[in-house]
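In the text below, chain A, chain B and the rest are named by the order of the sequence lines, each starting its count at 1.
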There are 2 protein chains.
Amino acid sequence: MAVTIKDVAAKAGCSVTTVSRILNNRGSISEKTRKKVHTAMEELNYFPNQLAVNLFRQRTYLVGLIVPDVSHAFYALEIKYIERVLHENGYRLLLCNAESDNMRETEYLNMLQSNKVDGIIIASHTLDLEAYSKVNLPIVALDRFLGPDIPTVSSDHEQGGRLAAQELIDNNCKKVIQITGFCGVPTPSHKRHTVFSDVMKKNGICCETLELPFNAFSFRDYITYADNIFRNHNHIDGIFAADNVACAMEKVAISRGLNVPGDLKIVGYDGIEASLMSYKTLTTVAQPVKQLALTTVVTLLEIISGESVFDKGTHIRLPVRLIRGETTVDTKSGNEVLQQ
Amino acid sequence: MAVTIKDVAAKAGCSVTTVSRILNNRGSISEKTRKKVHTAMEELNYFPNQLAVNLFRQRTYLVGLIVPDVSHAFYALEIKYIERVLHENGYRLLLCNAESDNMRETEYLNMLQSNKVDGIIIASHTLDLEAYSKVNLPIVALDRFLGPDIPTVSSDHEQGGRLAAQELIDNNCKKVIQITGFCGVPTPSHKRHTVFSDVMKKNGICCETLELPFNAFSFRDYITYADNIFRNHNHIDGIFAADNVACAMEKVAISRGLNVPGDLKIVGYDGIEASLMSYKTLTTVAQPVKQLALTTVVTLLEIISGESVFDKGTHIRLPVRLIRGETTVDTKSGNEVLQQ
DNA sequence: AAAAAAATGACAACCGGTTGACAATTTTGG
DNA sequence: CCAAAATTGTCAACCGGTTGTCATTTTTTT
């Protein structure tokens, strides 16, 4: 059926050993033979069976990536950059969409171990820590805490929470709401909300923390949810939430006749395109998506190659950046102030 | 190093054959032995080496997916649903992001062949048709034409173009612009633009077709581009473009003081979340993202299992749906008309 | 022409499973 | 207790490569 190294050897009129030597650049080979073999490989459309190679080498150059939702803009971007860095380093990506389902995550974890991937990047967390520590493979956690032996890479959510809080304070918010993701387990990103809350308290500002009541990522749900919030909370003048949610809040606010940022200031988090798509470009705390991907992959590859310079449980935090859009400072009213 | 079937056999006090029998449900095995072996597997944290199994079975249950951009919302969704259907059928996904780069696409195509995937889904097209026909593996094209032997699954772009045109006509547009994607090669989606143009012509409506001058997918670029269009074209009253672009057009139009849909009607294409995020929810032609994924995977699996009922070069078209948002019919002005 | 170096081949073991054939042992039923 | 059935084991071949050893052939050098 499939073309094997034997067929190539036969066609090129040489031994299997010679073909293998050529494939792996070992021993000495004459130009003539090399050419003959290459021609044979082309004519036969030969591709070395990586299963056999990998089995022998005990190495697959395969990395598994487990995410909670492929289609969420943030993860989609992470996947893109992670795949890019992996590709640059000769690795390929086995993508696993856990969909926040612990059955699936377990299956994937098992599958990845069976498939002898060289390492795993996990950006999901629906299992007990034990499930992760039992995995006998290099693992790096992306924006999750998976146990004392697994390094975490995340953005500096503490800084992010502080920046967001300060931006709302600087723009005179007095009654703010922050919306957190659905909280099954503690993740690095929770830090931004505790810090946000703390800073608000220290400044004597009324701050309420709400938790998304579901674990889905649908904009339609966010709109419904935003609607509820405005129905149940009066005189809010500041909001802090992930970009998608913030975008929904802005849209609903405006449709309810509120002036943004006049009546209501909004700060998003993530820095994804949703922040640009809304009517008023969101002021947002941008995560370093590219850097996160790069650092995660590099950390994993270092562990794989045994060159890791970090302690097992390191937490690498990458700096975030406040991008000022149109939802915290009103350019026009700013001018008016100047003109007075 | 790694735990093998031999270790399990040793620990369970039985032969390798027995363990293999248990793993594959062959022969007759006593409950006692079965239990012993399962215990041993658990205690050793054993995972059968899929490389060895796959090598023997000549089957990997791996499917490669080549997309032009993982982070584009449409593809991100397709990936999500494709992965889901694959997973339901016991297949895993090797994700390849071609990034519209023919070098990368070639590498991926070779890699997938080396890795003996069971089949490939291709949603990219930067190579000669020959490159695809040479691949000796089941292939299905998603929204691309890759040659006479490769089936294509796409949405019914003809219907889509017609629906979009009709919507603008029904709302009295007289001077419309449609914006097409960057055109390297003909794809099924081009059809919607030729049909759109035809319908407009037949109705005596001025219709200009513009092509995105770049092959990137960045919202920031779309904004710049939209700005240019408005600078160079006066009195446009209708626009047809992909959701992302349409969203940018809407945003720029509004910032230039235009009334949407009063002065300008917009119809998007895709039905992704961008259509909901804009200030006025886009009227859009929604592609059946889930159905596309399902059909693509099912078609591929049928070819893999040799049960395909289609001709090799079939083109399966799935119906689209017009979702009326707020960018073609103004609810308020609609009411006003009624009240007169 | 002889010696040294380069090129190639033959062969076997291995990676970690699967599988078929056949034998040996244990269990079960009458 | 014996025959039949069920269970388990041994062994070898195979999947498609890689690699080390040793031998043989060809080419190059002096």
**Request:** Quick one: label A/T18 by what it contacts on the DNA or RNA (base, sugar-phosphate, nothing), any heavy atom closer than 4.0 Å.
**Result:**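 Sugar-phosphate only.
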Exercise. Using a cut-off of 4.0 Å on non-hydrogen atoms, how would the nucleic acid contact of A/S30 be classed: base, sugar-phosphate, or nothing?
Worked result: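 If one applies the 4.0 Å heavy-atom cut-off, A/S30 turns out to touch the sugar-phosphate alone, with no base involved.
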[X] side chain vs [Y] backbone, donor-acceptor pair below 3.5 Å:
X	Y	result
B/T314	B/D311	yes
B/T152	B/R144	yes
A/Q113	A/L109	yes
A/N49	A/L51	yes

To the nearest Å, how far apart are [X] [atom1] and [N] [atom2]?
X	N	atom1	atom2	result
B/I29	C/dT18	CD1	P	13 Å
A/N115	C/dG16	CG	C1'	14 Å
A/Q50	D/dG16	CD	C1'	11 Å
A/N25	D/dT18	CG	P	12 Å
B/L23	C/dT19	CG	P	10 Å
A/N49	C/dG16	CG	C1'	14 Å
A/L51	C/dT18	CG	C1'	15 Å
B/Q58	C/dT18	CD	P	15 Å

To the side chain of [X], which of [options] is closest?
X	options	result
B/R57	D/dG17, D/dT19, C/dT18	C/dT18
A/V16	D/dT18, C/dG9, C/dT19	D/dT18
A/N24	D/dG16, D/dT19, C/dT18	D/dT19

Expected rows: protein N/O vs nucleotides 10-14 of chain C N/O, under 3.5 Å:
from, atom 1, to, atom 2, distance (Å)
C/dC11, N4, A/T17, OG1, 3.3

Should B/D118 and B/Y61 count as side-chain neighbours, where that means a heavy-atom distance under 4.5 Å?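 The answer is yes; the side chains approach within 4.5 Å.
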**Prompt:** Relative to B/Y108, does B/R104 satisfy both conditions: NZ or CZ under 6.0 angstrom from the six-membered ring centre, and within 45 degrees of the ring's axis?
**Reply:**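 The answer is no, since B/R104 fails at least one limit relative to B/Y108.
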(Q) C/dG17, OP1 or OP2 - any side-chain N/O from B/Y46 closer than 4.0 Å? (A)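 Yes, because at least one side-chain N or O of B/Y46 sits under 4.0 Å from OP1 or OP2 of C/dG17.
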Problem set entry | Most 5' of B/R26 and B/A52 on DNA chain C, judged by nearest nucleotide |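 First, find each residue's nearest nucleotide; the 5'-ward one identifies B/A52.
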(Q) For B/L55 and B/V19, find the nucleotide of DNA chain D closest to each by heavy atoms; which residue's nucleotide sits nearer the 5' end? (A)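 The residue mapped nearer the 5' terminus is B/V19.
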Check this for me, if you would: do A/R92 and A/E83 make a salt bridge, where the nitrogen-to-carboxylate-oxygen distance has to be below 4.0 angstrom?
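Result for this pair is no, no salt bridge flagged.
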